[in-house]
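Throughout, residue positions are numbered sequentially from 1 according to the sequence presented. When reading the values below, keep in mind they use all heavy atoms of this one structure, side chains included, and skip hydrogens, waters and symmetry mates. In this text the structure is predicted, and so the values were computed from the model without any measurement.
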Amino acid sequence: MTAAPAAAKTGPVSVAYIEVNDQQLSNVGKYTLPDGSNVFDIAIIFAANINSDGQGGADLFLNDQVKATLNNAATQIRPLQAKGIKVTLSVLGNHQAAGFANFSSQAKAEEFADEVAAVVDQYGLDGVDIDDEFVTYGSGGTPAPNASSASWLVNALDAKLPSDSLITLYDIGQAATQLKQASSTTIAKLDHIWNPYYGQYNVPQFPGVAKAKLGAAAVDISATSSSTAANLATRTKNDGYGVFVTYNLQAGDKSSYVSSFTQPLYGQNAVYTP
């Protein structure tokens with residue numbers, strides 16, 4: 001599905017969440033380092049939604065902009081994958097009572113995982129990101145969160161997605177709380193877990209998870225100062241964490257800002273190629 005990049009950098013994995021409602025996913029591929037490697041290793045389509053099916057389960061919802069990105073895979077997804085950048089789909093709450101933490105049964109969780117896996121397969125994606133924000137648990141007569149729900153989903157996704165797929169977790173909400181108590185077998189199926197608060201440094205607290213799988217720092221490229229980004233990147237590198245998360249990369253040459261974190265992470269400034 002993906003090809004190896006021209007060069008492999010040394011340092012943390014760099015993640016880019018892209019608001020495809022108003023930005024092009026393809027912007028991620030315009031940033032490289034002078035050694036020829038990619039600035040960003042994972043591009044995340046933000047975002048599909050989890051909607052209630054009214055029966056104790058959920059349906060996957062793709063808005064028009066997400067559909068457009070997927071349907072234009074030839075220009076938005078494949079060029080990134082050809083460079084060695086993995087492209088995944090964020091699944092986000094949608095201001096409903098449906099979330100990852102209140103599937104009423106394992107079967108309901110597996111049904112939702114089937115829908116996610118079908119989209120990953122249809123569009124040749126590299127995995128999925130779980131973001132349990134904007135869920136109004138306990139409203140509308142839907143099930144309350146239960147201790148097993150998020151584990152059911154992670155286990156089902158791991159079973160149904162291709163073996164090389166990524167499953168990542170935004171460390172927020174009831175699902176993240178449940179997974180902190182999950183079995184080590186289930187937690188091991190999460191490839192990365194990261195801090196969801198931009199401009200901050202918060203280490204996800206998951207038992208037994210190695211630093212290499214964790215992201216303590218996150219920045220909003222349009223809102224976090226470059227000095228803060230540099231500081232958070234320096235702390236990430238010095239503390240040995242394996243992921244650095246960014247959000248809201250916009251069109252145009254942002255290489256000056258991007259260099260504020262690539263220099264401490266990789267010892268190189270970013271290069272923008274339109």
Does the side chain to side chain contact (heavy atoms under 4.5 Å, CB included) test come out yes or no for Val39 and Thr32, once each step is laid out?
CA-CA 5 Å; Val39 165; Thr32 57; 5.5 Å; no
Heavy-atom closest pair, residues Ala47 and Leu92
CB-CB, 3.9 Å
I'd like to know if the side chain of Asp191 reaches the main chain of Ile167, judged simply by a donor and an acceptor atom lying under 3.5 Å from each other, with no hydrogens or angles considered.
yes
Is a donor from one side chain sitting under 3.5 angstrom from an acceptor on the other, for Ser183 and Thr186?
yes
Give a yes or no on whether the backbone of Val128 and the side-chain of Thr88 come within a donor-acceptor separation of less than 3.5 Å.
no
Cut-off 3.5 Å, side chains only: do Asn248 and Ser222 have a donor facing an acceptor?
yes
Rounded to the nearest 0.5 Å, what's the gap from CG on Leu60 to CD1 on Ile50? Could you check?
8.5 Å
Report yes or no: do Asp129 and Tyr17 form a side-chain donor-acceptor pair below 3.5 Å?
yes
Please report the interatomic distance CG(Leu179) to CD1(Ile130), rounded to the nearest 0.5 Å.
7.0 Å
Which atom names give the shortest non-hydrogen contact between Ala270 and Val258, and what distance separates them?
CB-CG1, 3.6 Å
Using 0.5 Å steps for rounding, measure from the OG1 atom of Thr168 to the NZ atom of Lys86.
12.0 Å
Below 4.5 Å, heavy atoms only, C-beta onward: do Tyr247 and Val245 meet side chain to side chain?
no
Test item: Thr246 and Val15 side chains (from C-beta on) under 4.5 Å apart, heavy atoms:
no
Would Phe112 and Leu153 count as a side chain to side chain contact (heavy atoms under 4.5 Å, CB included) if you check the C-alpha gap in whole Å, the side-chain angles of each, and the deciding distance to 0.1 Å?
CA-CA 8 Å; Phe112 184 73; Leu153 179 63; 3.9 Å; yes
Step-by-step salt bridge (Lys or Arg N to Asp or Glu O under 4.0 Å) determination, Asp41 to Lys9:
CA-CA 10 Å; Asp41 302 288; Lys9 69 194 180 199; 3.1 Å; yes
Is any side-chain heavy atom of Thr69 closer than 4.5 Å to a side-chain heavy atom of Ile18?
no
Side chain to side chain donor-acceptor pair (under 3.5 Å) between Ser256 and Ser259, intermediate numbers included:
CA-CA 5 Å; Ser256 177; Ser259 294; over 6 Å; no
Can you tell me how far the CG atom of Leu265 sits from the CG atom of Leu232, to the nearest 0.5 Å?
10.0 Å
Is the closest side-chain heavy-atom distance between Leu25 and Leu80 below 4.5 Å?
yes
Are the side chain of Ser165 and the backbone of Leu161 linked by a donor-acceptor contact shorter than 3.5 Å?
no
Is it true that Ser151 and Ser148 share a donor-acceptor pair across their side chains at a distance under 3.5 Å?
no
Mark yes or no for whether Asn49, through its side chain, and Gly93, through its backbone, hold a donor-acceptor pair below 3.5 Å.
yes
Smallest heavy-atom separation, Ala216 atom then Pro204 atom, equals CA-CD, 4.4 Å
Side-chain heavy-atom pair Val91, Asp131 within 4.5 angstrom cut-off
no
Backbone N/O of Gln55 and side chain of Asp53: donor-acceptor pair under 3.5 Å
yes
Heavy-atom nearest pair, Ser104 first then Pro143, reads CB-CG, 4.0 Å
Using a 3.5 Å distance criterion without hydrogens, assess whether the side chain of Gln205 forms a donor-acceptor pair with backbone atoms of Val203.
yes
Looking only at heavy atoms, which two atoms of Thr234 and Pro264 are closest? And how far apart?
OG1-CB, 3.4 Å
With a 4.5 Å limit on heavy-atom distance, are the side chains of Lys67 and Asn63 in contact?
no
Going by heavy atoms in the side chains, are Lys213 and Ile193 under 4.5 Å from each other?
no
Could you give me the CA-CA distance, side-chain angles and deciding distance for Asp114 and Lys160, then say whether salt bridge (Lys or Arg N to Asp or Glu O under 4.0 Å) is met?
CA-CA 7 Å; Asp114 282 331; Lys160 296 172 186 295; 3.0 Å; yes
Taking Glu111 for the side chain and Gln106 for the main chain, is one N or O donor matched with an acceptor at less than 3.5 Å?
no
In one Ile/Leu/Val/Met/Phe/Trp/Tyr side-chain cluster, 4.5 Å: Leu190, Ile42
no
From CD (Gln24) to CD (Gln65), nearest 0.5 Å:
11.0 Å
Flag for Gln263-Asn269: side-chain donor and acceptor within less than 3.5 Å:
yes
What about Phe244 and Leu33, same hydrophobic cluster or not, with Ile/Leu/Val/Met/Phe/Trp/Tyr joined at side-chain heavy-atom distances under 4.5 Å?
yes
Spell out, as yes or no, whether a donor-acceptor pair under 3.5 Å connects the side chain of Asp121 to the backbone of Ala117.
no
Validation row: Ser26, Thr75 side chains within 4.5 angstrom (heavy atoms)
no
Between OG of Ser14 and CZ of Phe40, what distance do you get to the nearest 0.5 Å?
5.0 Å
Looking just at side-chain N and O atoms, do Asn51 and Asp59 make a donor-acceptor pair shorter than 3.5 Å?
no
Can a donor-acceptor pair be found between the side chains of Gln178 and Gln174 at a distance below 3.5 Å?
no
Short side-chain to backbone donor-acceptor contact, Lys237 and Gly11, under 3.5 Å:
no
A cation-pi test, strictly: NZ or CZ of Lys108 under 6.0 Å from the centre of the six-membered ring of Phe103 and no more than 45 degrees from its axis. Yes or no?
no
Could you tell me whether the side chain of Tyr31 and the main chain of Lys254 form a donor-acceptor pair under 3.5 Å?
yes
Report the C-alpha separation of Asp132 and Tyr137 in whole Å, then their side-chain angles, then the decisive distance to 0.1 Å, and conclude whether the side chain to side chain contact (heavy atoms under 4.5 Å, CB included) test is met.
CA-CA 11 Å; Asp132 196 22; Tyr137 286 113; 2.8 Å; yes
Shared ILVMFWY cluster between Leu157 and Leu125, side chains joined below 4.5 angstrom?
yes
Is there a chain of hydrophobic side chains (I, L, V, M, F, W, Y, each step under 4.5 Å between heavy atoms) that links Val120 to Val66?
yes
Can a donor-acceptor pair be found between the side chains of Asn27 and Gln250 at a distance below 3.5 Å?
no
Asn195 and Gln200: side-chain donor and acceptor closer than 3.5 Å?
no
Let me see the working for Val87 and Tyr123 under side chain to side chain contact (heavy atoms under 4.5 Å, CB included), right down to the final yes or no.
CA-CA 10 Å; Val87 178; Tyr123 296 101; over 6 Å; no
For the pair Tyr198 and Tyr170, name the ring-plane relationship: parallel under 30°, tilted 30 to 60°, perpendicular over 60°.
tilted
All heavy atoms of Gln23 vs all of Ala251, minimum pair found to be OE1-N, 3.0 Å
In this structure, is the centre-to-centre distance between the rings of Tyr257 and Tyr272 below 6.0 Å?
no
In one Ile/Leu/Val/Met/Phe/Trp/Tyr side-chain cluster, 4.5 Å: Val219, Ile44:
no
